[in-house]
Amino acid sequence: MTAEPAPAGAPTPSDFIRDAVASDLAAKRHAAVVTRFPPEPNGYLHIGHGKAICINAGIARENQGRFNLRMDDTNPAKEEAEYVDAIIADVQWLIAGWADHCLCLQEKGARPVAHTVNGKADFHLVGAAGQAKAAALLEPFHASNYFDALYEFALTLIRQGKAYVCDLSPKETDEYRGAPDKPGRESPYRHRSVAENLDLFQRMKTGEFPDGARTLRSKIDMASPNVWLRDPLLYRIRHASHHQTGDRWCIYPLYDYAHCLSDYIEGVTHSLCSLEFTVHRPLYDWILEQLDLPRPRPHQYEFAKLITTYMITSKRNLLRLVNEGVVSGWDDPRLPTLSGIRRRGIPASAVRNFAIGAGVTKYDSVTEIAVFEHHIREELNLSSARRLAVLRPVKIVLTNLAPGETVECEATNNPQSDTPTTRKIALTREVFIESDDFAEVPPPKYFRLKPGGEVRLKYACIISCQEVVKDAAGAVTEIRCTAQLDTRAGQANADKKVKGTIHWVSVSQGVSVETRLYDRLFTVPEPWTAEDLRTFVNPRSLETVTAIVEPSLRDARPGECFQFERLGYFTPDAKDSAPGRPVFNRTITLKDTTIKAVAKAGTHSSP
RNA sequence: UGCCUGGUGGUGUAAUGGUAGCACAGGCGACUUUGACUCGCCUAGUCAUGGUUCGAAUCCAUGCCGGGCAGCCA
């Protein structure tokens, strides 16, 4: 768990939020920077959350601060413990080696304790960052851990005459609220006495009233142009079991009330969230202001969320794809969930570079998926070992090699390495090549194998095509070639040039492996605008083939990334691989200008 | 018709009163035992109109266009 050194020459990100943090620090408004990432455990994290994590963790990291992982679990109806574990794993994966030393969790079982600061009542809970405590003794913060503190704060608001118990039904509450362009009306229960409010609120807590019968509301301004200031609800009654607190509570705080106070309780200094919460900020500030709190108050700043073409990131839509079986689960490699992305073989660093590069602004932008793909290839190109694999095989017979004869060849593991290593691979009489790499009737500018043509087998030698053998149906069954063994590395004609170099795998030594070729899940760049998402699901987003790979790949393990030369990057699937029997996921293809070159040649040569 | 926010090449993002730059995408070329990588070159932008100023993407005014907000969701 060491911090990754900042890339040489990489400028420190600068944006309006970082400017605000720097100015707060300069003015000594806070002793240290504390940010937070507060997901609701009602689904898996996706790449949009990834951006929020990168911003919150990144700012903590740049200021030697910490960032709290908190489950925003105030709604028992929608949340599940299963999601908590997935969220923790995804966050840790995303920041490993980068900001994990800033990640702050709390001691198991810890709760904020009431105490007095400068004569004022307070609740405070500080966690442990990095490895200050053994991981087994830590857990994420939970808003539900603050229910007692939140209840006490609510009592304070009632005593101050800033909150009241309202008996309006949900429908009536809605009607009384008015509309953005017309003021609301005051609830008939708005002027109850403090004593009555206290009594009713306590009875709400003890379970005397059914769901929806009463609420606790703040008393602000029913005529405010900001609808979120029209006496917003603080508590609702829900006789439901909560995944953390069980049946201890039947009243649950709402987001606006719980969030600002959770931030305060944890000592958060900068609460960074997405733009849709901007209209809630006056309420965030109002609640904290009323309570006359002894410690510095947190402040909320909003940034534009990450939206990427061909991806959907709404939990509703994601859940639907999962439930309807369009994908195999939350971690389907085609999904932009962090679990899916990880399973697909995309490095966390690529996600971070993408998220950070998207910037921190207040403009709702749509980032092209090509940028993400660029970052994926950039990382994988540097780190992936090269291997030979054939996805759609066609057989070549090297007629001048004897059956059983092997010609040892040396292959480079990673040409991008400063000190490249090599491995041995065997050329045999029969090898598979990619069916795309042979064309009986080649288009113009076709560099690969064709009747009477020559091509180099990568790391081996140049071969000449002599004869094409077909079955009764006219399908090519084998291509008979001669190997020019003196064009191997180190031989007399090693420097002989041919236009094309192709990959291959020995028929006798190759291993068959299930390989999953993933493509974009949607056929249109902005699927979220669709009436029905399923209309634009790409029917070819997953194709499964039996690939033939070089023998060393039999031992590939999940977590390892390979470049199958000329094809793309592949990684063993973490769920379906077994020792000695990997199942490969294609992370992404190599950039391919072949199509363009051939198409262009075709265009030029046609009338 | 209310309030809050925004508007810089195709896309994303810098420039904080002083030469509009970077990245992705696109185009052309070089290199190449990956049609990859790498390298070079090119295309293309300040929403509009006024104003302030020696000088405006930046400040002011007006207009236009976009996004968000009316859950007992977060």
**Report entry** From CA spacing to verdict: ring pair (Phe, Tyr, Trp, His ring centres under 6.0 Å), A/F277, A/Y255
**Finding:** CA-CA 11 Å; A/F277 293 100; A/Y255 167 82; 5.1 Å; yes
Query - From CA spacing to verdict: ring pair (Phe, Tyr, Trp, His ring centres under 6.0 Å), A/Y235, A/Y257 - result: CA-CA 8 Å; A/Y235 273 91; A/Y257 180 66; 5.5 Å; yes
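Taking the six-membered ring for Trp and the full ring otherwise, the centers of A/Y569 and A/F564 sit at least 6.0 Å from each other. Ring to ring, A/Y310 and A/F522 are not that close: their centroids are 6.0 angstrom or more apart. A/F201 and A/Y151 have their aromatic ring centers within a separation under 6.0 angstrom.
In terms of phosphate contacts, A/T278 brings no side-chain nitrogen or oxygen within less than 4.0 Å of OP1 or OP2 of B/rC4. At the phosphate of B/rC37, OP1 or OP2 sits under 4.0 Å from a side-chain N or O atom of A/K591. Considering only side-chain N and O atoms, A/R238 lies under 4.0 angstrom from the phosphate OP1 or OP2 of B/rC73. When the side-chain nitrogen and oxygen atoms of A/R316 are compared with OP1 and OP2 of B/rC73, none of them lie within a distance under 4.0 Å. Dashed line: the shortest gap from a side-chain N or O of A/R236 to OP1 or OP2 of B/rC73 is under 4.0 Å. In terms of phosphate contacts, A/S224 brings no side-chain nitrogen or oxygen within less than 4.0 Å of OP1 or OP2 of B/rC3. Residue A/T74 places at least one side-chain N or O closer than 4.0 Å to OP1 or OP2 of B/rA74. When the side-chain nitrogen and oxygen atoms of A/R386 are compared with OP1 and OP2 of B/rU33, none of them lie within a distance under 4.0 Å. Using a 4.0 Å cut-off, some side-chain N or O of A/R566 falls inside it from OP1 or OP2 of B/rG35. Put simply, A/K445 has no side-chain N or O that comes within less than 4.0 Å of OP1 or OP2 on B/rG35. Residue A/H503 places no side-chain N or O under 4.0 Å from the OP1 or OP2 atom of B/rU34.
When the P atom of B/rC24 is taken as reference, atom CZ of A/F354 falls 14 Å away, rounded to whole Å. The separation between A/K497 atom NZ and B/rA30 atom P is 16 Å, rounded to whole Å. One interatomic measurement links the two molecules: CD of A/E175 to P of B/rG71, which rounds to 12 Å at whole-angstrom precision. B/rA23 atom C1' lies 8 Å from atom NE2 of A/H375, rounded to whole Å. Here B/rG71 presents its C1' atom at 13 Å from CZ of A/R217, a figure rounded to the nearest Å. Spacing between atom OH of A/Y363 and atom C1' of B/rC65 amounts to 10 Å, rounded to whole angstrom units. Put simply, CZ on A/F438 is 18 Å from P on B/rG35, counting in whole angstrom units.
Contact annotation: side chain of A/Q563 to base of B/rU34, donor-acceptor pair present below 3.5 Å. Taking 3.5 Å as the limit, the base of B/rG10 and the side chain of A/E368 contain a donor-acceptor pair of atoms between them.
Here the separation of B/rA48 from B/rU8, taken at their C1' atoms, is 15 Å to the nearest Å. Here the separation of B/rU32 from B/rA36, taken at their P atoms, is 13 Å to the nearest Å. Rounded to whole Å, the C1' atom of B/rA23 lies 16 Å from the corresponding atom of B/rU43. Spacing of C1' atoms, B/rG17 relative to B/rC59, comes out at 8 Å, to the nearest Å. Across B/rG21 and B/rC54, the matching P atoms stand 26 Å from one another, rounded to whole Å. A distance of about 14 Å separates the P atoms of B/rA57 and B/rG9, rounded to the whole Å. Comparing the P positions of B/rA15 and B/rG2 gives an interatomic distance of 33 Å, to the nearest angstrom. Remark: the separation of the P atoms in B/rG68 and B/rA61 is 26 Å, to the nearest Å.
The aromatic rings of A/F562 and A/F584 lie perpendicular to each other, with more than 60° between the two planes, well past the 30° mark. In this structure, A/W330 and A/Y44 have parallel ring planes: the angle between them is below the 30° cut-off, well short of the 60° mark.
With sequence neighbours excluded, the residues satisfying side chain to side chain contact (heavy atoms under 4.5 Å, CB included) with A/K305 are A/S274, A/E276, A/I307.
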Requested in this report: State the dot-bracket string of RNA chain B. Criteria: Watson-Crick or G-U wobble, both atom distances under 3.5 angstrom; notation: ( ) intrastrand, [ ] crossing earlier pairs, | interstrand, . unpaired.
Outcome: .((((((..((((....[..)))).(((((.......)))))....(((((..]....))))))))))).....
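Using a 4.0 Å heavy-atom distance criterion, A/D174 is classed as a sugar-phosphate-only contact.
For A/K496, the NZ atom sits in a packed shell: over 12 heavy atoms of surrounding residues, nucleotides or ligands are nearer than 6.0 Å.
Among the nucleotides B/rA25, B/rA74, B/rG68, the one closest to any side-chain atom of A/V279 is B/rG68. Here the side chain of A/T173 is nearest to one of B/rU13, B/rC73, B/rC72, namely B/rC72.
For the pair A/E434 and A/R566, the salt-bridge criterion is not met [side-chain N within less than 4.0 Å of a carboxylate O].
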